[in-house]
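Hydrogens, waters and symmetry mates are skipped; everything else that's a heavy atom, side chains included, is used.
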Amino acid sequence: MKTYGTQSQQPRQNDTLPSHVAGSGTLDRLVDTARDYAKASTAENTNKAYAADWKHFSRWCRLKGTEPLPPSPEMIGLYLTDLAAPSGPSPSQSASRPLSVSTIDRRLSGLAWNYAQRGFTLDRKDRHIASVLAGIKRKHARPPVQKEAILPEDILAMVATLPFDLRGLRDRTILLLGYAGGLRRSEIVSLDHSKDDTPHSGGWIDIFEKGALLTLNAKTGWREVEIGRGSKDQTCPVHALEQWLHFAKIDFGPVFVGTSRDGKRASETRLNDKHVARLIKRTVLDAGIRSDLPEKERLNLFSGHSLRAGLASSAEVDERYIQKQLGHASAEMTRRYQRRRDRFRVNLTKATGL
């Protein structure tokens, strides 16, 4: 009888040597390299989230007197039910609370990925899973909560709150570059000065006379983002970038790094993407944006996505150019970011003669 103990619950690498093949130094090195490639197949944040999903599910199973392996569609259906309508304290929280539909869907994706790493297949179309998930979506789904777009006058007010030391120059560059490029916060901090600078690079920057070209390793593959020079140096993202690289003495490695406590010296440590989120929230408050609302509501309104939504909502150009800049596969996805779009520009009612 096959048992599934603690050891078998660890991820099984599919890229190990077959049992009938004798190991050697060369093959072992290839195995290690293959494992590195397999790990790099998903983003670091995704790997962390999937690991947390498995840890949560495993503990839930133990509390219910069962094991997470092999996959049981019936138990997973009950797990999803408990996430949507908790029957007791959560394994990781003192008080239970229902999770959003998007989070539950993400948890299920995390379980499917974890089972695959352990040599199992989770059939998401199994009726015990699919019917429960469909019911949860039908009963609890809500329209997505959109973050507020940062408008041109907002970004100017935000950068104006920053000091003129090295740290302020760095943060000013982050805001202007992120806004003009419609970049995700992870894309901002993963940039390197030149191609192949570091093994953890998410892309690199080339600076030309007319602007900067960002080559990004995005979710759907490599893409290029063109950022032209602005009308004046004070608000030009490319000029700010050049100033930051010059005064921070960066000619190799990560573009956006930490600074000393006095804000005068750059370190070699790449910034975390959470710095971008904190920077946006802090400067939104300092600039007095949406001061008609309480501080807590203002903080909840803005995030890293506010930069992308700001570009999509404010750039007076053909929608195709915005779609390309944001790296969206469809115009529909781009429209989700447009907060000031003329929704009835194309009137199909009149076009039919009504």
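The two residues P68 and S58 make their nearest non-hydrogen contact at CG-OG, 3.9 Å. Summarising the geometry of P71 relative to P73, their closest heavy-atom pair is O-CD, 3.7 Å, with the distance given to 0.1 Å. Nearest heavy-atom pair, A266 versus W244, reported as atom, atom and distance to 0.1 Å: CB-CH2, 4.3 Å. The two residues I129 and G77 come nearest to each other via the heavy atoms CG1-N, 4.5 Å. The minimum heavy-atom distance between D262 and R167, with the atom names listed, is N-NH2, 4.3 Å. The nearest pair of heavy atoms linking V284 to R298 is O-NH2, 3.5 Å.
You'll find the side chain of R229 reaches within 4.5 Å of the side chain of E242, heavy atoms only. Taking 4.5 Å as the limit, every side-chain heavy atom of E74 sits out of range of all side-chain heavy atoms of V132. Inter-residue side-chain proximity for L176 and V238 is flagged as unmet; no heavy-atom pair is nearer than 4.5 Å. A 4.5 Å side-chain heavy-atom check between L271 and I174 finds at least one atom pair inside the cut-off. Residues K264 and T259 fail the side-chain proximity criterion, which asks for heavy atoms closer than 4.5 Å. Taking the side chain as every heavy atom from C-beta outward, L299 and E295 approach each other to under 4.5 Å. Residues Q243 and D233 are not in side-chain contact: their nearest non-hydrogen atoms beyond the backbone lie 4.5 Å or more apart. Proximity of L133 to D105: side-chain heavy atoms (C-beta onward) are separated by under 4.5 Å at one or more points.
Each of F208 and I205 belongs to its own hydrophobic cluster when Ile, Leu, Val, Met, Phe, Trp and Tyr are linked at side-chain heavy-atom distances under 4.5 angstrom. Clustering ILVMFWY residues whenever any of their side-chain heavy atoms sit less than 4.5 angstrom apart, transitively, puts Y179 in a cluster other than the one holding L213. When hydrophobic clusters are built by joining Ile, Leu, Val, Met, Phe, Trp and Tyr residues whose side-chain heavy atoms come closer than 4.5 Å, directly or via intermediates, L175 is grouped together with L245. A continuous path of hydrophobic side-chain contacts links W54 to F120 [ILVMFWY only; heavy atoms under 4.5 Å]. No chain of hydrophobic side-chain contacts below 4.5 Å, direct or via other Ile, Leu, Val, Met, Phe, Trp or Tyr residues, connects L285 to L279.
Salt-bridge formation is not detected for the pair D126/R124: no Lys NZ or Arg NE/NH1/NH2 atom is positioned less than 4.0 Å from an Asp or Glu carboxylate oxygen. With salt bridges taken as basic N to acidic carboxylate O contacts below 4.0 Å, none links R184 and D273. Salt-bridge formation is detected for the pair D192/R270: a Lys NZ or Arg NE/NH1/NH2 atom is positioned less than 4.0 Å from an Asp or Glu carboxylate oxygen.
Among the candidates V276, I250, L177, the single residue satisfying the side chain to side chain contact (heavy atoms under 4.5 Å, CB included) test with F256 is L177. Partner of E153 under the side chain to side chain contact (heavy atoms under 4.5 Å, CB included) criterion, out of L151, L156, I150: L151 alone. Considering V189, L191, I188, T173 as possible partners of V255, the one that fulfils the side chain to side chain contact (heavy atoms under 4.5 Å, CB included) test is L191.
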Requested in this report: Mind running side-chain contact (heavy atoms from CB on, under 4.5 Å) on H193 and I207 for me, showing each step along the way?
Outcome: CA-CA 10 Å; H193 183 278; I207 300 178; over 6 Å; no
Query raised in the report: Would L214 and L183 satisfy side-chain contact (heavy atoms from CB on, under 4.5 Å), going step by step from the backbone distance to the final call?
Result: CA-CA 10 Å; L214 279 55; L183 304 176; 3.7 Å; yes
Requested in this report: Start with the C-alpha gap between D154 and E148, add the side-chain angles, then the distance that decides, and say whether side-chain contact (heavy atoms from CB on, under 4.5 Å) holds.
Outcome: CA-CA 11 Å; D154 296 332; E148 191 91 350; over 6 Å; no
Query raised in the report: Could you go step by step and tell me if K147 and I280 meet the side-chain contact (heavy atoms from CB on, under 4.5 Å) rule?
Result: CA-CA 12 Å; K147 294 298 182 180; I280 291 171; over 6 Å; no
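Seen from the ring of F164, R172 counts as a face-on cation partner, given the 6.0 Å and 45° thresholds.
By the 30° and 60° cut-offs, the orientation of the rings of H56 relative to Y79 is tilted. Aromatic ring orientation, Y50 versus W113: tilted (interplanar angle from 30° to 60°).
Between R308 atom CZ and R185 atom CZ the span is 12.5 Å, to the nearest 0.5 Å. How far CG of L108 is from CG of L122: 6.0 Å, rounded to the nearest 0.5 Å. Between the CZ atom in R107 and the OG atom in S100 there is a gap of 9.5 Å [rounded to 0.5 Å]. Atom OG of S190 sits about 6.5 Å away from atom CD of E187, to the nearest 0.5 Å. Put simply, NZ on K281 and CG on L301 are 8.5 Å apart, with the number rounded to the nearest 0.5 Å. Separating the CG atom in L111 from the CZ atom in R106 is a distance of 9.5 Å, to the nearest 0.5 Å.
The closest donor-acceptor contact from the side chain of T161 to the backbone of A287 lies at 3.5 Å or more, if one exists at all. The backbone N or O of L78 lies less than 3.5 Å from no partner atom in the side chain of D82, so there is not a single donor-acceptor pair. Although no hydrogens or angles enter the test, the distance criterion places no donor-acceptor pair under 3.5 Å between the side chain of R223 and the main chain of L216. Here the side chain of D165 pairs a donor or acceptor atom with the backbone of G168 at under 3.5 angstrom.
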